[in-house]
Amino acid sequence: MVSAISGSSQATQYSSSSSSSNAAQEAALEKQIQDLEDQAKTIKDQVQAAQVQQDIAVAQAKLDALRAADADKAAKAAQSQSTPSAAALRQAEFDGEKTTSSNEFWM
């Protein structure tokens with residue numbers, strides 16, 4: 001009878017030490033899971049940040065292209081306004097109008 005009680009006591013001790021060991025393992029695994037989830041979120045945030053940076057670069061390139069096109073149009077418009085076309089000069093000469101200040105003595 002004594003052996004049955006001591007055997008039961010040993011089983012209880014094993015069970016309680018196993019439970020505390022399991023609890024420690026569970027806590028460690030829960031912490032590991034939380035750390036991995038945090039790491040996954042950080043990586044996801046970094047990927048999203050990289051995608052946003054790429055979107056910004058694309059938008060900036062488009063903006064730069066539009067500005068360059070506008071500057072080119074403005075330069076061409078300024079050039080066409082300041083320099084009369086060859087046809088306009090010929091017409092003005094035909095009409096006897098001054099085309100430039102250098103033709104003041106032109107006859």
Side-chain angles (χ1 to χ4, degrees):
M1 182 84 180
V2 173
S3 67
I5 293 174
S6 76
S8 171
S9 173
Q10 286 176 350
T12 303
Q13 285 177 349
Y14 176 77
S15 174
S16 69
S17 69
S18 177
S19 292
S20 67
S21 175
N22 284 348
Q25 286 179 348
E26 287 176 11
L29 287 172
E30 286 174 356
K31 183 179 180 338
Q32 183 180 9
I33 289 168
Q34 185 61 45
D35 290 346
L36 290 172
E37 287 174 347
D38 291 345
Q39 185 179 3
K41 184 181 182 308
T42 299
I43 291 169
K44 182 179 176 183
D45 290 346
Q46 289 172 352
V47 169
Q48 288 175 340
Q51 289 171 340
V52 169
Q53 288 294 336
Q54 186 177 8
D55 292 344
I56 290 170
V58 168
Q60 186 65 47
K62 287 179 181 178
L63 178 61
D64 292 345
L66 284 174
R67 286 181 177 163
D70 285 347
D72 188 44
K73 284 180 185 177
K76 285 180 181 178
Q79 183 182 14
S80 69
Q81 287 177 356
S82 66
T83 308
S85 70
L89 287 173
R90 284 191 304 274
Q91 184 64 43
E93 288 175 359
F94 180 77
D95 293 341
E97 298 174 2
K98 290 186 194 179
T99 55
T100 64
S101 60
S102 66
N103 71 352
E104 289 179 13
F105 302 106
W106 180 74
M107 298 187 99

Notebook entry, point to check: Would Gln39 and Asp35 satisfy side chain to side chain donor-acceptor pair (under 3.5 Å), going step by step from the backbone distance to the final call?
Noted result: CA-CA 6 Å; Gln39 185 179 3; Asp35 290 346; over 6 Å; no

Does CD in Gln48 sit with more than 12 non-hydrogen atoms of other residues, nucleotides or ligands closer than 6.0 Å?
->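 Atom CD in Gln48 is packed in, count exceeds 12.
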
Exactly one of Asp64, Val58, Leu66 should register a side-chain contact (heavy atoms from CB on, under 4.5 Å) with Lys62. Which one does?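 Among the candidates, only Val58 passes.
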
Across all chains, not counting sequence neighbours, the side-chain contact (heavy atoms from CB on, under 4.5 Å) partners of Gln53 are Ile56

query: Quick one: does Asp70's side chain get under 4.5 Å of Arg67's, heavy atoms only?
result: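 They are not in side-chain contact.
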
Exercise. Is there a donor-acceptor contact under 3.5 Å linking the side chains of Asp55 and Gln51?
Worked result: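 No pair is found: no donor N or O on one side chain lies under 3.5 Å from an acceptor on the other.
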
Is there a side chain to side chain donor-acceptor pair (under 3.5 Å) between Asn22 and Glu26 once you walk through the steps? CA-CA 6 Å; Asn22 284 348; Glu26 287 176 11; 5.7 Å; no

